[in-house]
Amino acid sequence: MRRSLIITSSLALAGVGAALLQPPRIGLQPMREATAAPQSQPQGTLSAAMVATTAAAACAKPKAVKLADAWRTCEWDGKSKKPVACAKYGPVLSDRCTAEATRSKGITIDYDHFGEVDCRSNDRKDAVTRIVIHNGDSGDNNNENWKCRPSAAHYTVDRDGTIHQHIGEERTAWHAVPENHDTIGIELEIKRKYGGTCNSLPNLSKTAAKYGIQPEDVVADLCAPSHRQYEALAKLIADIKTRHTIADDGIFGHCEVQGTDHGDPKAFDWARVGARQRKAINACEWYLPVAVRTTVVGMMPKSGKTWIELDAGSSSQVEVGDHGWLENANEETAAWFVITDVEADKAFAIVALPFSQMSDNLAATIVAKPGNTPPALGAATKPALGSCETDYTYHKTGTIKSWTTGAGGAIATLTLDGVGWKHRVCDDATGLVYLGASGDTYVTDAAGSKLRFRMTKVDETTAVAQVIEGSLTEKELGANRRVVVRAKK
Ligand SMILES: [Zn+2]
């Protein structure tokens with residue numbers, strides 16, 4: 001049994017816990033991510049169901065300690081509401097002794113900020129059964145920001161693979177309201193690039209045009225974890241699983257949390273953490289790309305450029321036409337490419353770099369392009385897309401399959417084909433009925449009103465819409481069977 005081994009190491013490390021009071025780091029640039037309102041949980045004693053391992057019993061329950069280091073002013077981002085600052089970074093209630101004593105071998109944790117944002121957590125009442133993945137800032141910046149904002153996660157994994165622990169797992173951190181009670185939150189630092197965050201994306205089309213890439217490439221480059229982050233995250237999840245029984249399907253994204261408006265993590269390759277791709281739940285934007293981190297396994301010169309062979313693993317997401325980029329160990333982009341061929345577990349591309357400039361340590365990322373329906377999604381798991389909060393510049397043409405009539409024989413509802421969520425049509429999308437099989441003239445009634453509708457039900461490829469403007473009978477509709485629906489880009 002693994003746990004008895006852990007107990008042995010706990011005894012050796014039991015004395016280390018007292019050394020947690022590191023001076024806080026000050027004044028780092030904020031990059032706002034989760035706004036997770038606090039749960040109103042009463043303070044109390046730990047449930048026996050919690051992490052009460054024998055190892056933990058060797059550690060004394062931490063006494064509340066206030067960190068009285070340098071203080072900072074919390075400034076709200078332009079709104080009148082003033083944030084409530086953590087009182088002098090504390091009190092620290094997280095149990096570092098147990099955290100260290102029960103840690104797996106082979107994983108290194110940075111405890112520099114341990115406990116400093118405990119004011120954004122409560123004593124835990126329920127056993128941990130799930131892990132929530134977020135996009136966010138670096139461990140240092142998160143720690144600083146959370147002192148001024150009612151939110152925090154247990155861990156941050158920096159882009160270089162450093163794992164920071166902010167809050168003890170025995171505490172409920174405010175990272176994914178209303179699902180904090182049985183979850184551990186892990187933030188993944190995003191790239192500082194393109195002037196946006198993964199919950200507040202930069203203008204994708206403008207940014208893409210500026211850099212000569214595609215909008216999905218911007219999302220992938222900005223949000224996808226680095227190679228080192230994935231490695232560290234896998235270790236951390238394995239480590240957490242030695243202390244808690246994580247449910248099947250228990251690793252999921254902030255965007256899947258009930259009622260959330262957070263879309264993170266984006267471009268995340270769920271296969272890397274052994275989780276299912278479930279990007280169509282709540283605020284998850286399933287049409288956005290998955291950045292598949294991979295390696296160059298072969299290369300040769302080709303007319304002044306370089307032909308490369310990439311290990312596409314078992315990913316079924318990579319297709320001909322997908323974009324990708326090569327980068328060095330510092331995540332500096334060397335060149336972009338387009339996949340020209342896919343064979344079993346290999347993908348091929350030509351990079352506009354001479355062979356002499358190719359180095360062995362270039363890693364590759366393939367952007368599985370948007371619009372492809374994730375394989376895990378079938379009609380049974382139709383996404384509730386919620387409101388179309390982004391732009392409506394993309395339009396999808398569909399056809400009218402059937403209709404119902406209401407008062408005076410006017411058309412009341414339309415059943416539409418070819419405009420389902422598979423076509424990126426939101427469940428509150430609106431659209432117009434057009435004349436004939438092609439052409440741009442829309443249908444109007446006797447009063448000159450357009451026949452406009454709004455979706456009431458969107459399935460994978462069909463939708464039901466209610467007429468909201470115009471009044472037309474079946475006869476007046478005539479042979480018009482074409483509709484155009486606003487969809488997400
Ligand atoms: Zn989040």
Side-chain angles (χ1 to χ4, degrees), residues 1-7 9-10 17 34 36-62 92-104 107 109 111 114-115 117-134 151-157 163 165-187 233-254 256-260 270 273-276 278 281-282:
M1 297 216 354
R2 213 164 6 193
R3 183 147 286 164
S4 59
L5 292 173
I6 292 162
I7 293 163
S9 71
S10 83
Q39 286 185 314
S40 55
Q41 288 194 351
Q43 299 282 323
T45 52
L46 289 177
S47 151
M50 257 305 304
V51 286
T53 60
T54 313
C59 294
K61 186 174 163 50
V92 174
L93 296 161
S94 284
D95 180 357
R96 180 161 170 182
C97 171
T98 300
E100 291 198 280
T102 59
R103 193 67 65 190
S104 308
I107 184 171
I109 303 290
Y111 293 101
F114 192 82
V117 290
D118 275 357
C119 60
R120 310 309 183 196
S121 68
N122 296 93
D123 284 350
R124 201 186 277 285
K125 298 293 184 297
D126 299 319
V128 171
T129 58
R130 303 183 298 162
I131 295 170
V132 180
I133 308 289
H134 300 263
S151 110
H154 295 87
Y155 294 96
T156 299
V157 183
I163 305 170
Q165 184 166 13
H166 302 275
I167 291 174
E169 292 174 3
E170 77 284 359
R171 299 189 62 74
T172 298
W174 304 343
H175 62 100
V177 69
E179 300 186 39
N180 294 329
H181 61 100
D182 65 339
T183 55
I184 285 175
I186 303 175
E187 295 251 335
L233 180 62
K235 276 189 187 177
L236 178 58
I237 288 173
D239 171 55
I240 290 169
K241 283 181 169 176
T242 65
R243 291 181 292 279
H244 309 280
T245 304
I246 302 300
D248 291 343
D249 276 354
I251 303 174
F252 60 102
H254 190 185
E256 295 178 55
V257 167
Q258 301 166 43
T260 187
W270 290 97
V273 294
R276 232 167 20 107
R278 296 174 303 185
I281 300 170
N282 289 330

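Values below: all heavy atoms of this structure, side chains included; hydrogens, waters and symmetry mates excluded.
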Problem set entry | Residue pair Leu93, Ile167: steps toward the side-chain contact (heavy atoms from CB on, under 4.5 Å) verdict | CA-CA 9 Å; Leu93 296 161; Ile167 291 174; over 6 Å; no

Please name the pair of heavy atoms, one in [X] and one in [Y], separated by the smallest distance, quoted to 0.1 Å.
{"X": "Trp270", "Y": "Phe252", "result": "CH2-C, 3.3 Å"}
{"X": "Arg120", "Y": "Ser151", "result": "CG-O, 3.5 Å"}
{"X": "Ala152", "Y": "Ala173", "result": "O-CB, 3.5 Å"}
{"X": "Val177", "Y": "Val257", "result": "O-CG1, 3.5 Å"}
{"X": "Glu187", "Y": "Ala153", "result": "CG-CB, 3.7 Å"}

Could you tell me if the side chain of [Y] sits less than 4.5 Å from the side chain of [X], heavy atoms only?
{"X": "Asp123", "Y": "Arg171", "value": "yes"}
{"X": "Leu233", "Y": "Ile133", "value": "yes"}
{"X": "His175", "Y": "Thr183", "value": "yes"}
{"X": "Ile251", "Y": "Lys241", "value": "yes"}
{"X": "Glu170", "Y": "Ser94", "value": "yes"}

Sidechain-backbone polar pair: [X] side chain, [Y] backbone, donor-acceptor under 3.5 Å:
{"X": "Arg124", "Y": "Glu169", "value": "yes"}
{"X": "Glu179", "Y": "Gln258", "value": "yes"}
{"X": "Arg243", "Y": "Thr102", "value": "yes"}

Exercise. How many angstroms lie between atom CD1 of Ile237 and atom CD1 of Ile131, to the nearest 0.5 angstrom?
Worked result: 5.0 Å

For this session: Output the distance between atom OG1 (Thr129) and atom CG (Asp249), rounded to the nearest 0.5 Å.
Result: 12.0 Å

For this session: Say whether Thr172 and Asn180, considering side chains only, have a donor N or O and an acceptor N or O under 3.5 Å apart.
Result: no

Exercise. Does the side chain of His154 come under 3.5 Å of the side chain of Ser121 through a donor N or O and an acceptor N or O?
Worked result: no

Problem set entry | Verdict with supporting geometry, Ile163 and Asp239, side-chain contact (heavy atoms from CB on, under 4.5 Å) | CA-CA 12 Å; Ile163 305 170; Asp239 171 55; over 6 Å; no

For this session: Apply side-chain hydrogen bond (donor to acceptor under 3.5 Å, both in side chains) to Thr156 and list each qualifying residue two or more places apart in sequence or on a separate chain.
Result: Asn142, His166

Exercise. Under the side-chain contact (heavy atoms from CB on, under 4.5 Å) criterion, do Arg103 and Ile109 qualify, and how do the steps go?
Worked result: CA-CA 9 Å; Arg103 193 67 65 190; Ile109 303 290; 3.4 Å; yes

